[in-house]
Enquirer: 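Submitted below is the structure of interest, expressed as structure tokens.
Just so you know, these numbers come straight off a predicted model, no measurement behind them.
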Amino acid sequence: IKKVFFSTQDLDLRSKNKSKFILKNKNISVSSRLLKKEGKDFYESYFLQHSKNLPLIDAKIAISKDYYTINRKKRWITNIHSRKRSHVIRSTYNCLISTSKSINNDNSILNCRIEGLEKKCPDLVVIDRNLKLKKKLKLLENIKFRKILLVTCKNDKKKLSFFKKKGIIVILINQLNSIEDFKKLFFRLKKKYSRILVETGLEFINFLIKNKMIKNIYIFQSSYKLKNLGSNYASTKFIKKIKLKNQISVNLFGDKIFKEKV
């Protein structure tokens with residue numbers, strides 16, 4: 001080996017510059033900052049994990065061509081190829097966050113339902129301030145390959161006991177209303193999770209975007225307009241402000257997927 005090229009320095013003082021020193025002592029040329037921007041993006045979650053900032057928090061949402069997130073006639077906005085791609089994206093994170101409202105409305109499972117990725121399901125954190133999570137949900141039928149954490153402010157011992165028996169970890173907190181409350185929660189999650197993906201409805205995503213807590217957002221957009229069949233639980237003004245210019249190159253048979261900085 002004559003030359004070694006790398007992108008960026010490790011932030012961990014236990015290893016920073018050590019390899020460079022060893023290689024140079026062996027008369028090997030070492031050059032840094034190769035593809036610096038790409039390296040910074042690739043290691044974004046790692047850098048945040050070793051900083052005093054919040055962990056990497058990304059989000060995902062599906063919209064129609066005319067920016068509706070709910071189809072009054074069908075369950076899904078996007079096609080099956082987009083949904084499968086969603087499972088792949090989930091597998092690259094170690095924590096998902098959703099709300100009891102979203103899970104109750106959709107009866108969603110939020111796992112990786114692709115052969116080979118079943119054991120790659122990230123842990124799931126359910127935000128449920130008033131303990132509204134239903135007892136009869138697909139989510140609770142078979143908890144495998146991951147942990148489910150329920151964050152609530154309501155100490156209903158009987159209902160919490162039911163969820164604990166299902167294998168759910170309960171995190172009881174005093175309040176979860178302000179941006180500071182959510183920051184405390186995310187810093188608490190940071191101790192274990194470095195890559196967080198938010199999958200909820202517009203209301204919670206709007207709150208996070210407004211308070212500049214989301215780094216990137218995946219926007220799945222269908223090829224059709226819903227018109228009078230479309231509906232939203234909250235305003236789409238924050239989503240509409242995001243310019244869709246960074247399309248991921250994958251064939252979704254009509255649908256499109258964008259990953260944009262927020």
Enquirer: Using the side chain to side chain contact (heavy atoms under 4.5 Å, CB included) criterion, which residues pair with Lys147? Sequence neighbours excluded.
Expert: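 Asp123, Leu149, Ile169, Lys192.
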
Enquirer: Are side-chain heavy atoms of Thr200 and Leu208 found at a separation under 4.5 Å?
Expert: no

Enquirer: Going by side chain to side chain contact (heavy atoms under 4.5 Å, CB included), name the residues that satisfy it together with Ile89, two or more places apart in sequence or in a different chain.
Expert: Arg85, Tyr93, Leu197, Tyr218, Phe220, Ile257

Enquirer: Decide yes or no for Phe47 and Thr8: does some side-chain heavy atom of the first lie under 4.5 Å from some side-chain heavy atom of the second?
Expert: yes

Enquirer: Could you grab the distance from atom NZ of Lys259 to atom CG of Asn216, nearest 0.5 Å is fine?
Expert: 5.0 Å

Enquirer: To check you understand the geometry: which heavy-atom pair defines the closest contact between Cys121 and Cys112, and what is its length?
Expert: SG-N, 3.2 Å

Enquirer: Of the non-hydrogen atoms in Leu110 and Ser98, which two are nearest, and what is the gap between them?
Expert: CD1-CB, 3.6 Å

Enquirer: Should we say atom CD1 of Ile173 is surrounded by more than 12 heavy atoms from elsewhere, each under 6.0 Å from it?
Expert: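 Check passes, neighbour count above 12.
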
Enquirer: Less than 4.5 Å apart, any side-chain heavy atom of Lys243 and any of Glu260?
Expert: no

Enquirer: Assess whether atom CD of Glu203 is packed by more than 12 heavy atoms of other residues, nucleotides or ligands within 6.0 Å.
Expert: no

Enquirer: Using 0.5 Å steps for rounding, measure from the CD1 atom of Ile214 to the CG atom of Leu54.
Expert: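 Those atoms lie 11.5 Å apart.
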
Enquirer: Hey, what do you get for NZ (Lys138) to CD (Glu141), rounding to the nearest 0.5 Å?
Expert: 7.5 Å

Enquirer: For residues Ile22 and Ile28: do they belong to one hydrophobic cluster (side chain heavy atoms under 4.5 Å, members Ile, Leu, Val, Met, Phe, Trp, Tyr)?
Expert: no

Enquirer: With a 4.5 Å cut-off on side-chain heavy atoms, are Lys158 and Phe162 touching?
Expert: no

Enquirer: Any salt bridge linking Asp156 with Lys154? Criterion: basic side-chain nitrogen under 4.0 Å from a carboxylate oxygen.
Expert: no

Enquirer: Quick one: closest heavy-atom pair of Gln221 and Phe258, and the distance?
Expert: OE1-CE1, 4.0 Å

Enquirer: Quick one: do Asn105 and Ser102 satisfy side-chain hydrogen bond (donor to acceptor under 3.5 Å, both in side chains)? Show the steps, please.
Expert: CA-CA 5 Å; Asn105 287 341; Ser102 292; over 6 Å; no

Enquirer: Look at the side chain of Lys190 and the backbone N and O of Asn53, then say whether any donor-acceptor pair between them is shorter than 3.5 Å.
Expert: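 It does hold such a pair.
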
Enquirer: Do the numbers put Lys20 on top of the ring of Phe6, so that NZ or CZ is under 6.0 Å from the six-membered ring centre and no more than 45° off the axis?
Expert: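 Pair Lys20/Phe6 does not count as cation-pi.
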
Enquirer: Do Gln49 and Pro55 come close enough that some side-chain heavy atom pair is under 4.5 Å?
Expert: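 Counting from C-beta outward, Gln49 and Pro55 do come under 4.5 Å.
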
Enquirer: Using only atom types and a distance under 3.5 Å, with no angle test, would you say the side chain of Glu118 pairs donor to acceptor with the backbone of Gly116?
Expert: yes

Enquirer: Ignoring hydrogens and geometry, is there a side-chain-to-backbone donor-acceptor pair from Asp255 to Asn79 under 3.5 Å?
Expert: yes

Enquirer: Report, as yes or no, whether the 6.0 Å neighbourhood of atom CZ on Phe145 holds more than 12 heavy atoms from other residues, nucleotides or ligands.
Expert: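 Enclosed.
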
Enquirer: Holding to side chain to side chain contact (heavy atoms under 4.5 Å, CB included), I want the full list of residues that pass it with Phe238, two or more places apart in sequence or in another chain.
Expert: Asn206, Ile209, Lys210

Enquirer: Could you check whether atom CZ of Arg113 has more than 12 heavy atoms from other residues, nucleotides or ligands sitting under 6.0 Å from it?
Expert: yes

Enquirer: Do NZ/NE/NH1/NH2 and the carboxylate oxygens of Asp128 and Lys132 come within less than 4.0 Å?
Expert: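 So Asp128 does not pair with Lys132 through a salt bridge.
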
Enquirer: Just verifying a value: how many Å separate His50 NE2 and Leu13 CG, rounded to the nearest 0.5 Å?
Expert: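 Spacing of NE2 (His50) from CG (Leu13) equals 9.5 Å.
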
Enquirer: Quick check: are there more than 12 heavy atoms from other residues, nucleotides or ligands sitting under 6.0 Å from OH of Tyr233?
Expert: no

Enquirer: For Ser45 and Ser194, which heavy atoms make the closest approach, and how far apart are they?
Expert: CB-O, 3.6 Å

Enquirer: If you define the side chain from C-beta out and look only at heavy atoms, does anything of Phe186 sit under 4.5 Å from Ile97?
Expert: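 Phe186 reaches Ile97 side chain to side chain.
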
Enquirer: Do Val126 and Ile109 share a hydrophobic cluster (ILVMFWY, side-chain heavy atoms under 4.5 Å, transitive)?
Expert: no

Enquirer: When rounded to the nearest 0.5 angstrom, what distance separates OG1 in Thr152 from CG in Leu150?
Expert: 6.0 Å

Enquirer: Return yes if some donor-acceptor pair links the side-chain N/O of Asn94 with the main-chain N/O of Tyr193 below 3.5 Å, else return no.
Expert: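 Not confirmed, Asn94 side chain does not pair with Tyr193 backbone.
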
Enquirer: Can you check whether Lys261 reaches Asp41 side chain to side chain, under 4.5 Å on heavy atoms?
Expert: yes

Enquirer: Could you check whether any side-chain N or O of Arg90 sits under 3.5 Å from a backbone N or O of Lys120, counting only pairs where one atom can act as donor and the other as acceptor?
Expert: no

Enquirer: Run the side-chain hydrogen bond (donor to acceptor under 3.5 Å, both in side chains) check on Asp10 and Tyr46 step by step: do they pass?
Expert: CA-CA 9 Å; Asp10 193 348; Tyr46 178 77; 2.6 Å; yes

Enquirer: Could you tell me whether Lys119 atom NZ has more than 12 heavy atoms of other residues or ligands within 6.0 Å of it?
Expert: no

Enquirer: Which residues pass the ring-ring contact (aromatic ring centres under 6.0 Å, His included) test with Tyr68, not counting sequence neighbours?
Expert: none

Enquirer: Distance-only, no hydrogens or angles: does the Asn232 side chain make a donor-acceptor pair with backbone N or O of Tyr67 under 3.5 Å?
Expert: yes

Enquirer: Contact between Lys26 and Ile1 at the side-chain level, heavy atoms closer than 4.5 Å - yes or no?
Expert: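 Of all side-chain heavy-atom pairs linking Ile1 with Lys26, none is under 4.5 Å.
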
Enquirer: With clusters defined by side-chain heavy atoms of hydrophobic residues (ILVMFWY) lying less than 4.5 Å apart, directly or transitively, does Ile205 cluster with Ile70?
Expert: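 Not linked; separate clusters.
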
Enquirer: Quick one: salt bridge (Lys or Arg N to Asp or Glu O under 4.0 Å) pairs with a partner in residues 212-224, sequence neighbours left out?
Expert: none

Enquirer: Quick one: closest heavy-atom pair of Asn104 and Lys134, and the distance?
Expert: OD1-N, 3.1 Å

Enquirer: Please give me the minimum heavy-atom distance between Ser223 and Gly254, naming the atom from each residue.
Expert: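 So the minimum-distance heavy-atom pair works out to CB-O, 3.3 Å.
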
Enquirer: Does Arg129 have any side chain to side chain contact (heavy atoms under 4.5 Å, CB included) partners at least two apart in sequence or in another chain, and if so, which?
Expert: Cys153, Leu176, Asn177

Enquirer: Ignoring hydrogens and angles, tell me if any N or O in the side chain of Arg195 forms a donor-acceptor pair with the backbone of Thr92 under 3.5 Å.
Expert: yes

Enquirer: Atom CZ of Arg83 and atom CD1 of Ile77: how far apart are they, to the nearest 0.5 Å?
Expert: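 Reported value, rounded in 0.5 Å steps: 11.0 Å.
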
Enquirer: Do other residues, nucleotides or ligands put more than 12 heavy atoms under 6.0 Å from the NZ atom of Lys65?
Expert: no

Enquirer: Donor-acceptor pair, distance only, cut-off 3.5 Å: does the side chain of Gln9 make one with the backbone of Lys16?
Expert: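 No: the side chain of Gln9 does not pair with the backbone of Lys16.
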
